[in-house]
Structures are given as C-alpha cells and as structure tokens.
Amino acid sequence: MRTGDERLATNYYSALSMTSCAFSAPVAARVLSTPIGSVAEEQEINRYLRGNLRCSTATRSIALPIVRGAMAEWLVKRGGEAPVGGPRPGTIAFAPTAAKSLMTATDIALCHVTAQPTAARRVLDTQPGSAAEVQAESGLFTAAPTCGGAARPAGLNPVIYRGLIAMALASQAGRS
C-alpha cells in the first residue's frame, strides 16, 4: 500500500505528463494568472482538460493545486512566458477562500525563489517525491532561513512545495 506522500508524488508526475502532452504556453499562463483556489482557476483547468481527454484521463481526480503546480513547472522548464492578466510579476494571487497555510507556504516559496533562484530551479531538476527533491528543498531552507525558518514547516509536503516553487518561478518570469 502506498503512503499519502507516494500518491501525491505519483499524482504530480501524472500531472506533469499530462501538461507536457496537452498544454500550450498561453493556456498555462492563463491558468497561472487566475487566483489560487478560485472558480476561474477551476474553470480554466477543467475547460482545457475536457478538450484534451487523450492526455488527461489519469488526471481527472488529481487536485487542482497539483495540476497548477505541474503547469507552472512545465512553463518554467520550457522557458515560457510569464502569466498575463494576473497580479504584478513576483506575486501570486489567491481566492478569498484560500487556506492561510497555503498563502504562508507560497510566501516562503516566493522568498526562496527571490533569494536563491538557481537553487530553487534545481528542485525542478529532481523527480517528484524523491530524496533528491527533499534534499534540494532543504538546501533552500538552510541557505535562506529568513524565508520561513531553517527547516521546512511541519505539514508542508515536499511535492506541494515543489509546485509552489514552480509557481513562484513562473511568477518571476515577468520581472525585468
């Protein structure tokens, strides 16, 4: 039986595969311009998934934040454009109903990306759920303790944090 962390890593990997198969840079940028947890985010993702069933059958039950993180990672890895129509570059918007813990974790990711952009990109060079991913993320906390402490906050899953790092990196793409 797989653990919750293993399922999350598998789901993230499936979302990355689906994104590589189905998404375009403008679609990914449009999704990333919506507030996290918003109806607009859900509509954008679901609209595209329905139009690309050949690529998305395994991702229909994956939580939207996982799909969003995978889309951001795909966009960053291919050197895609910054999200358009969203918040100013270097920021990430949230729906009013978004969890405070998610907002805090996102602020930490934005800080890490600003303080250690190369180290943050190295996280995306690892496999989701791997020991290397955990080590790369731990290096961010150690190198920039002012970004939320010298260790990962309790309850912050490495795969979720990977997605937040990808979103933060994508948001930085609009900075000059």
Side-chain angles (χ1 to χ4, degrees), residues 3-23 25 27-38 41-42 44-46 48-49 56 58-78 80 82-83 86-87 90-95 98-114 116-117 119-141 147-148 152-173:
T3 67
D5 286 351
E6 290 170 329
R7 277 191 302 276
L8 200 53
T10 299
N11 286 347
Y12 193 92
Y13 188 78
S14 293
L16 276 173
S17 296
M18 178 274 304
T19 300
S20 296
C21 171
F23 281 87
V27 170
R30 200 167 45 248
V31 169
L32 294 175
S33 73
T34 63
I36 293 175
S38 67
E41 172 193 55
E42 182 176 3
E44 284 293 332
I45 291 173
N46 285 334
Y48 202 74
L49 292 179
S56 64
T59 59
R60 288 193 209 139
S61 62
I62 296 174
L64 294 179
I66 299 293
V67 174
R68 183 186 184 105
M71 292 173 80
E73 182 169 338
W74 175 80
L75 193 64
V76 167
K77 284 181 173 178
R78 69 177 302 278
T91 63
I92 296 174
F94 291 89
K100 177 89 169 117
S101 60
L102 181 60
M103 290 181 203
T104 300
T106 302
D107 285 343
I108 294 169
L110 284 164
C111 182
H112 279 150
V113 164
T114 300
Q116 301 283 324
R121 285 183 181 276
R122 270 192 232 115
V123 171
L124 304 185
D125 292 334
T126 65
Q127 288 286 26
S130 68
E133 176 188 60
V134 171
Q135 183 178 11
E137 288 180 12
S138 294
L140 287 173
F141 284 96
C147 291
R152 180 190 331 279
L156 180 55
N157 180 284
V159 175
I160 296 294
Y161 196 60
R162 172 195 195 94
L164 294 175
I165 289 169
M167 287 182 237
L169 285 165
S171 79
Q172 296 287 325

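Along the sequence shown, the residues carry numbers beginning at 1.
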Novice: For residues L140 and Q116, report the shortest heavy-atom separation together with the two atoms involved.
Specialist: CD2-CB, 3.8 Å
Novice: For R152, what residues pass the side chain to side chain donor-acceptor pair (under 3.5 Å) criterion, not counting sequence neighbours?
Specialist: E137
Novice: Between V67 and V31, is there a side-chain heavy-atom distance shorter than 4.5 Å?
Specialist: no
Novice: How long is the gap from CD1 on I45 to CE on M71, to the nearest 0.5 Å?
Specialist: 6.0 Å
Novice: Would you say that I36 contacts M103 through its side chain, given a criterion of any heavy-atom pair below 4.5 Å between the two side chains?
Specialist: no
Novice: Would you call E73 and L16 a side-chain contact if the rule is heavy atoms closer than 4.5 Å?
Specialist: yes
Novice: Between H112 and Y161, what is the ring plane arrangement, given parallel below 30°, perpendicular above 60°, and tilted in between?
Specialist: perpendicular
Novice: Taking the side chain from R162 and the backbone from T126, do they hold a donor-acceptor pair closer than 3.5 Å?
Specialist: yes
Novice: Between C111 and D107, does the side chain to side chain contact (heavy atoms under 4.5 Å, CB included) criterion hold? Intermediate values first, please.
Specialist: CA-CA 6 Å; C111 182; D107 285 343; over 6 Å; no
Novice: Between G129 and A9, what is the shortest heavy-atom contact and its length?
Specialist: CA-CB, 3.6 Å
Novice: Side chains of L102 and L164, heavy atoms from C-beta outward: is any pair under 4.5 Å?
Specialist: yes
Novice: Looking only at non-hydrogen atoms, find the nearest pair between I108 and P153 and report the distance.
Specialist: CD1-CG, 3.9 Å
Novice: What closest approach, in Å, do A105 and L156 show between heavy atoms, and which atom pair accounts for it?
Specialist: CB-CD1, 3.9 Å
Novice: Distance from T104 atom OG1 to K100 atom NZ, nearest 0.5 Å?
Specialist: 4.0 Å
Novice: If you measure from CG on L75 to CE on M167, what distance do you get to the nearest 0.5 Å?
Specialist: 12.5 Å
Novice: Under the side chain to side chain donor-acceptor pair (under 3.5 Å) test, which residues partner E41, sequence neighbours left out?
Specialist: R68
Novice: Can you name the closest pair of heavy atoms from I165 and A120 and give their distance?
Specialist: CG2-O, 3.7 Å
Novice: Work out which heavy atom in L169 is nearest to a heavy atom in P117; give both atom names and the distance.
Specialist: CD2-O, 4.4 Å
Novice: State the CZ-CD distance between R122 and Q135, to the nearest 0.5 angstrom.
Specialist: 11.0 Å
Novice: Can you tell me how far CG of N46 sits from CG of L64, rounded to the nearest 0.5 angstrom?
Specialist: 6.0 Å
Novice: Taking G69's backbone N and O only, do any of them form a donor-acceptor pair with Y12's side chain (distance below 3.5 Å, no angle check)?
Specialist: yes
Novice: For N157, give me all partners under side chain to side chain donor-acceptor pair (under 3.5 Å), at least two apart in sequence or on another chain.
Specialist: D5
Novice: Give a yes or no on this: more than 12 heavy atoms of other residues, nucleotides or ligands lie within 6.0 Å of atom OH of Y13.
Specialist: no
